Number of protein chains: 2
Amino acid sequence: MAAISGGKTYHHGDLRNALICAAVDLATDGGPERVVLREAARRVGVSPTAAYRHFDGRGELLRTVKILAQCRLADSMERAAAREPGADDPALAAERRLVALCRGYVGFAVDQPGLYRAAFCVPRPAEADEPAGGRVSPEPEIRAFTLLREALEGLAKVGGPRPDSRPAAGAAAWSAVHGLSLLLLDGPLRRLPAQRRDDVVESTLAMVVSGTRGL
Amino acid sequence: MAAISGGKTYHHGDLRNALICAAVDLATDGGPERVVLREAARRVGVSPTAAYRHFDGRGELLRTVKILAQCRLADSMERAAAREPGADDPALAAERRLVALCRGYVGFAVDQPGLYRAAFCVPRPAEADEPAGGRVSPEPEIRAFTLLREALEGLAKVGGPRPDSRPAAGAAAWSAVHGLSLLLLDGPLRRLPAQRRDDVVESTLAMVVSGTRGL
DNA sequence: TGCCCGATGTTGACCACATGAACATTCCAG
DNA sequence: CTGGAATGTTCATGTGGTCAACATCGGGCA
């Protein structure tokens, strides 16, 4: 087939990446379930089955998007923390950092609901599951969780959770912000007006800060 | 068509319910995405399009399952609370009740992951969304949330959250147990061995109890 | 009593998707 | 330069959602 003048050749050149971008776009507005192989291929201008040269199928494409979304979530948290002014009191600084990270977390969920959902979706067929060890967070260790745990460790030096319960404390904090995000996105808190939403967010963060202190 | 001896007649008689049961079964092992119209019809022994006489389509069938699942979740919470022994100290009793409810919540999620997910799924096309007022929990008010809020009110009489922040405190508590459940089900805490899982659950509950006290 | 209409099922058809097999085109290494 | 590995394409199959047209049942009314 002759290439259309100025158009693409038979070989795309960077199909894998192009598909990922298209898939991310799809996820961004529409969430993981709208990440559809055929549509991604269509957008890139390629036949559906071409994608199989680069992905095992829809599942793997989605898994790729998921990882990307997790990165962006962590980025959002770090940006929020970076914006936070420091404090002379290290205890206050540690607390502020934790809260800022959480705000960044929920903020990402609210601003990018599609991507946020994608970050926690379960692509089927699910990845082969080995029994796995006893870490609190197996997998390639999600950065968002690492950030929370480290922030809690910072807090620990000034009266936060005791060392042995710190992983669990991290999980508890994570649970709160994750649950909050989902309730705000698709859950029953979905249609809360912005004002009340902020109230709920602040209350939850207050619960996290004061609640993890005693662990 | 002649009815098979002893078999059904042309008219099923209770198709709507039969379809719901089949759909609940599907959700029970497989979650909301496996609630498939054709399969439900197949199991009931009826043609796929027959379902359209009783439901607007897959979306409405799923929505029905969702509501049912929410009920079962609340039931599980109430059962857990009922099993909890009372206490002379009303403060202790209130706290125990809250914790028991939360345990029932997470327990349901862990025991019935499919139904739990269904309880919080977002059937598409989504229900028509009016702007909605300012309640913390719009919708027909989910009983699970009501239970949590009431438990917090019980706690309030003995040093719990102040009245004006109680709805937000309820949402915060809910966030924690909801997030925890999801992280345990499909999230990064998925493969946690039972022992550690219990640790995390207890830590989270401790965070909720002590963290909502200060609101 | 008997018939007719509305409720309830059925068939057949169409469209979107995932996925596999067989075939075509490119590109690069030897 | 050339042959095989990469990378795309076309064709085909299976599953699901949904619509339109048709069939059957069952109960209420003339």
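Chain naming here is simple, since letters A, B, ... match the order of the sequence lines and numbering starts at 1 in each. This structure is a prediction, so every number in the text was calculated from the model and none was measured.
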Measure CG/Leu19(B) against P/dT8(C) and give the value in whole Å, please. 12 Å
Taken to the nearest whole Å, CD/Glu39(A) to P/dC15(C) is 17 Å
Mind calculating the distance between CG (Leu15(B)) and P (dT10(C)) to the nearest angstrom? 8 Å
Is it true that Asp75(A) and Arg143(A) make a salt bridge, defined as a side-chain N closer than 4.0 Å to a carboxylate O? yes
What is the distance from CZ of Arg38(A) to P of dT15(D), rounded to the nearest Å? 16 Å
Can the ring centroids of Phe145(B) and Tyr105(B) be said to lie less than 6.0 angstrom from one another? no
Please tell me which of the listed nucleotides, dT10(C), dT9(D), dG17(D), lies nearest to the side chain of Ala50(B)? dT10(C)
Over all strands shown, is Arg58(B) touching base, sugar-phosphate only, or nothing at heavy-atom distances under 4.0 angstrom? sugar-phosphate
Phosphate contact (dG16(D) OP1 or OP2) by Arg42(B) side-chain N/O below 4.0 Å: yes
Going by the angle between their ring planes, with limits at 30° and 60°, are Phe120(A) and His178(A) parallel, tilted or perpendicular? tilted
Looking at the base of dT11(C), is there any donor atom on it, or on the side chain of Thr49(B), that sits under 3.5 Å from an acceptor on the other one? yes
Once you round it to whole Å, what is the distance between P of dG17(D) and CG of Leu37(B)? 6 Å
Test Glu202(A) against every option in Arg197(A), Arg196(A), Arg103(A) by the salt bridge (charged side-chain N to carboxylate O under 4.0 Å, His left out) rule and name the one that passes. Arg103(A)
What's the OH-P distance between Tyr52(B) and dG12(C), to the nearest Å? 18 Å
For Gly59(B), answer base if it contacts any base atom (sugar-phosphate contacts may also be present), sugar-phosphate if it contacts only those atoms, and nothing otherwise; contact means non-hydrogen atoms under 4.0 Å. nothing
Could you tell me the separation between the CD atom of Glu33(A) and the C1' atom of dG17(D), rounded to a whole number of Å? 16 Å
d(NE2, His54(B); P, dT18(D)) in whole Å: 16 Å
